[in-house]
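In what follows, chains carry the letters A, B, and so on, assigned in the order in which the sequence lines appear, proteins first and then strands, with residues in each chain numbered from 1.
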There are 2 protein chains.
Amino acid sequence: MARARTTLDAFNAVAEPRRRQVLGLLAHGELPVNDMVHALGWQQPQVSKHLSVLLEVGLVRVRREGRQRIYGLDAGRLKEIHDWTATFEHFWQHQLERIKERAEAKKTSARPRGIVPPRG
Amino acid sequence: MARARTTLDAFNAVAEPRRRQVLGLLAHGELPVNDMVHALGWQQPQVSKHLSVLLEVGLVRVRREGRQRIYGLDAGRLKEIHDWTATFEHFWQHQLERIKERAEAKKTSARPRGIVPPRG
DNA sequence: TTGACATATTCCATTATCAGAATATAATTT
DNA sequence: AAATTATATTCTGATAATGGAATATGTCAA
């Protein structure tokens, strides 16, 4: 078996750094392909191909306008990722607290560095 | 060129659904490999291999205890993803508002469905 | 209908993933 | 030292994504 399809879900689509760049660009507003080509400095086919992945996953929407195609964000699928990571939110908060605790209580310096036991 | 390495960053590591399962499991607390094998119902080598990816990316930490290796979450890298998606948070909020607006104002029924213009 | 412009698709070569099976390493017990 | 337990690594085969180059499609203008 191979790696999961890029178009399987938002997680896979967004794993590609360039695709995140495209989404970041579209965060400023809708754009026709050529504007993205210029803004990103890539070949036009690459931009189109990345857009087609984003479109298939539903991270982006298109609209025709003359011979142009105007792309815009469809952020709903990003919320899935946001929600999933939010599940772990208290872990990194907890971790930050521990870092603070350690910085303050410098007396015990030779303790083995264990993992934060996530009880509960 | 091929796809970005799985170990390039948290985005790629987490794109694999099974790796998200592992992280979800570890959210309940630290676990030795064998417990994960039983909890997940996969072959031991697959569990170890996924763990090694998560380890290389820094999403997970290990600790030796006898012949066991106890794995635990290291959620810091997940925060990167959370923060990135948070950039787009207002887009889906905006989208929800628009859905509400439409539901309330049902008079204009035949408008072309355009994209929310994200004028920042 | 020819030409120009905007965008999408196809073909190619390279590369890496993933599951599964087999095997290797490492620590513990007898 | 041999057996046992826990975990990691290697090999294989199938799959597919990526950029680049070339080309196709689609739309508008003359």
Output, in order, the C-alpha distance, side-chain angles, deciding distance and verdict of side-chain contact (heavy atoms from CB on, under 4.5 Å) for Leu59(A) and Arg19(A).
-> CA-CA 10 Å; Leu59(A) 280 164; Arg19(A) 236 126 47 200; over 6 Å; no

* Kindly determine whether Val53(B) and Glu16(B) satisfy side-chain contact (heavy atoms from CB on, under 4.5 Å), including the steps that lead there. => CA-CA 11 Å; Val53(B) 171; Glu16(B) 171 64 27; over 6 Å; no

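- When hydrophobic clusters are built by joining Ile, Leu, Val, Met, Phe, Trp and Tyr residues whose side-chain heavy atoms come closer than 4.5 Å, directly or via intermediates, Leu8(B) is not grouped with Phe11(B).
- Looking at heavy atoms from C-beta onward, Leu31(B) lies out of side-chain contact with His38(B) at the 4.5 angstrom threshold.
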Identify the pairs formed between an N or O of the protein and an N or O of nucleotides 13-17 of chain D at a distance under 3.5 Å, and give each distance.
| unit_1 | atom_1 | unit_2 | atom_2 | d |
| --- | --- | --- | --- | --- |
| dG13(D) | N2 | Met1(A) | N | 3.3 |
| dA17(D) | O5' | Thr6(A) | OG1 | 3.0 |

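- The separation between Gln43(B) atom CD and dT7(D) atom P is 15 Å, rounded to whole Å.
- Rounding to whole angstrom units, CG of residue Leu55(B) and P of dA8(D) are separated by 9 Å.
- At least one side-chain nitrogen or oxygen of His50(B) sits closer than 4.0 Å to the OP1 or OP2 atom of dA19(C).
- Summarising the geometry of Trp84(A) relative to Leu78(B), their closest heavy-atom pair is CZ3-CD2, 3.7 Å, with the distance given to 0.1 Å.
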Once base and sugar-phosphate atoms are separated, protein heavy atoms under 4.0 Å mark nucleotides 6-12 of chain C, 5' to 3', with B, S and - as SBBBB--

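- The shortest side-chain heavy-atom distance between His82(A) and His82(B) falls under the 4.5 Å cut-off.
- The closest donor-acceptor contact from the side chain of Arg77(A) to the backbone of Val57(A) lies under 3.5 Å.
- You'll find the side chain of Leu26(B) stays beyond 4.5 Å of the side chain of Phe91(A), heavy atoms only.
- The distance from atom CD of Glu56(B) to atom P of dA16(C) is 13 Å, rounded to the nearest whole Å.
- In this structure, Arg64(A) does not reach the dG26(D) phosphate: none of its side-chain N or O atoms is under 4.0 Å from OP1 or OP2.
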